[in-house]
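Presented below is the structure to which this report refers.
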There are 2 protein chains.
Amino acid sequence: MDIKKRSDCPISSSLDIWGDKWSLLIVRDLMFSKQCTYGDFLKSDEKIATNILAARLQMLEANGIITKQDHPESKAKVLYKLTPKGIDLLPIMIEINLWADKYFTLPTDRKEMLEEVKKDKDAFIREKITELLG
Amino acid sequence: MDIKKRSDCPISSSLDIWGDKWSLLIVRDLMFSKQCTYGDFLKSDEKIATNILAARLQMLEANGIITKQDHPESKAKVLYKLTPKGIDLLPIMIEINLWADKYFTLPTDRKEMLEEVKKDKDAFIREKITELLG
DNA sequence: TATTTGCACTTGCAAAACGCAAGCAAATTT
DNA sequence: AAATTTGCTTGCGTTTTGCAAGTGCAAATA
């Protein structure tokens, strides 16, 4: 579970943490939903395996990207949220969306969000960060 | 070698192509050097294995991120370059650098580059894209 | 109170990906 | 002609992934 840094390069160090096929999808879910239970992640379209999900959640928590919280209504549930460090991944997420918008066909709801982003990227980021922190 | 799209989500589709520990490091090398030979990639600090490098280069070429070219001075060498689609990954790359700058200690040369980015991000991107295209 | 359901994981195992070392053919250098 | 460089490929052991099933605890239901 401990990360081995391959080099001092910031790109490399970042990928050491979340450079796999699943981590950023977990972050994505938390940016759209603000908070998710274990089961919520499993409902996503990509159908992550339960053992991989558990491993990734542990990894992301160990690296300060997400935190666990007690669910206010049930002791059986756990709430996962982004930390400020995780929330700071938003600009990366947005740029990925913009890149994909140029080279793939996006679902309509995502296209609508991107229209807002294109109008005023900085404002969109500021607002979203406030929303996620609050 | 063919990619299976896990969902219609743009983040997911992007990660299907370059969402692994190595692909963006290859793109990074090409953004810093504009063009690289197979051997150049092997020289990078992260020490990618030769079979993995070959597989990734093939994958990135199949997905239109990079192209092969004859080396002007030697038939034994091959030049790899970014396509426009690959060059468009620059904003993502920059945001990763900025995120890492906040949470890691960067090497000094990278810090200098980021100073320029922080002064005027859009200008930096425009200039870099022109440089890579030309 | 007993039982079933829901939720958050864990475990077992086969399949795929990775990583190291060695090998190989064509081009270049000596 | 021989040795070296370059861009890969191949074998093979190790690690990671993915699927299915199982476990333990909380909560709802009977």
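Quick note on labels: first sequence line is chain A, next is B, and so on, each numbered from 1. These figures come from a predicted structure and were not determined experimentally.
Ranking C/dA8, D/dG18, C/dC9 by closeness to the A/K77 side chain, first place goes to C/dA8. The side chain of A/V78 lies closest to C/dA8 when the candidates are C/dT10, D/dA26, C/dA8. Among C/dA27, C/dA8, C/dG12, the nucleotide with an atom closest to any side-chain atom of B/A76 is C/dA27. Picking from C/dA27, D/dA26, C/dA8 the nucleotide with the shortest atom distance to the side chain of B/K75 gives C/dA27. Comparing atom distances between the A/I52 side chain and each of D/dT9, D/dA27, D/dT17 picks out D/dT17 as nearest. Among the nucleotides D/dT10, C/dC9, D/dG7, the one closest to any side-chain atom of A/Y38 is C/dC9.
At the phosphate of D/dT17, neither OP1 nor OP2 sits under 4.0 Å from any side-chain N or O atom of A/W22. In terms of phosphate contacts, B/K68 brings a side-chain nitrogen or oxygen within less than 4.0 Å of OP1 or OP2 of D/dC8.
In terms of modelled atom types and a separation under 3.5 Å, the side chain of A/S44 and the main chain of A/E46 share no donor-acceptor contact. Looking at A/W99, its side chain does come within 3.5 Å of a backbone N or O of B/K85 through a donor-acceptor pair.
Residues B/S23 and B/L60 have side chains in contact (heavy-atom distance under 4.5 Å, counting atoms from C-beta outward). Using a 4.5 Å heavy-atom threshold, the side chains of B/L57 and B/K68 count as separate.
Along DNA chain D, the nucleotide nearest to A/R56 and the one nearest to B/Y80 differ in position, and the one closer to the 5' end is contacted by B/Y80.
Between the NE2 atom of B/H71 and the C1' atom of C/dA26 there is a distance of 16 Å, rounded to whole Å. B/E73 has its CD atom 11 Å from the P atom of C/dT28, to the nearest Å. In this structure, B/L25 places its CG atom 13 Å from P of C/dC18, rounding to the nearest Å. Put simply, NZ on A/K21 is 10 Å from P on C/dA17, counting in whole angstrom units. Between B/R6 atom CZ and D/dT17 atom P the separation is 12 Å, expressed in whole Å. Atom CG in A/L53 sits roughly 17 Å away from atom P in D/dA20 (whole-Å rounding). The separation between B/Q58 atom CD and D/dT9 atom P is 7 Å, rounded to whole Å. Atom-to-atom, CD1 of A/I48 to P of D/dG18 comes out at 8 Å; the value is rounded to the nearest Å.
Side chains of B/D16 and B/S13: a donor-acceptor N/O pair is absent below 3.5 angstrom, by distance only. No side-chain donor-acceptor contact under 3.5 Å links A/D29 and A/Y80.
As judged by a 4.0 angstrom heavy-atom cut-off over every strand, A/N51 is placed among the base-contacting residues. Across all strands, A/K47 comes closer than 4.0 Å to no nucleic acid atom at all (heavy-atom distances). Backbone-only engagement by B/S74 is indicated by non-hydrogen atom pairs under 4.0 Å involving sugar-phosphate atoms exclusively. Among the protein residues, A/F41 comes within range of no part of the nucleic acid, since none of its heavy atoms lies under 4.0 Å from any strand.
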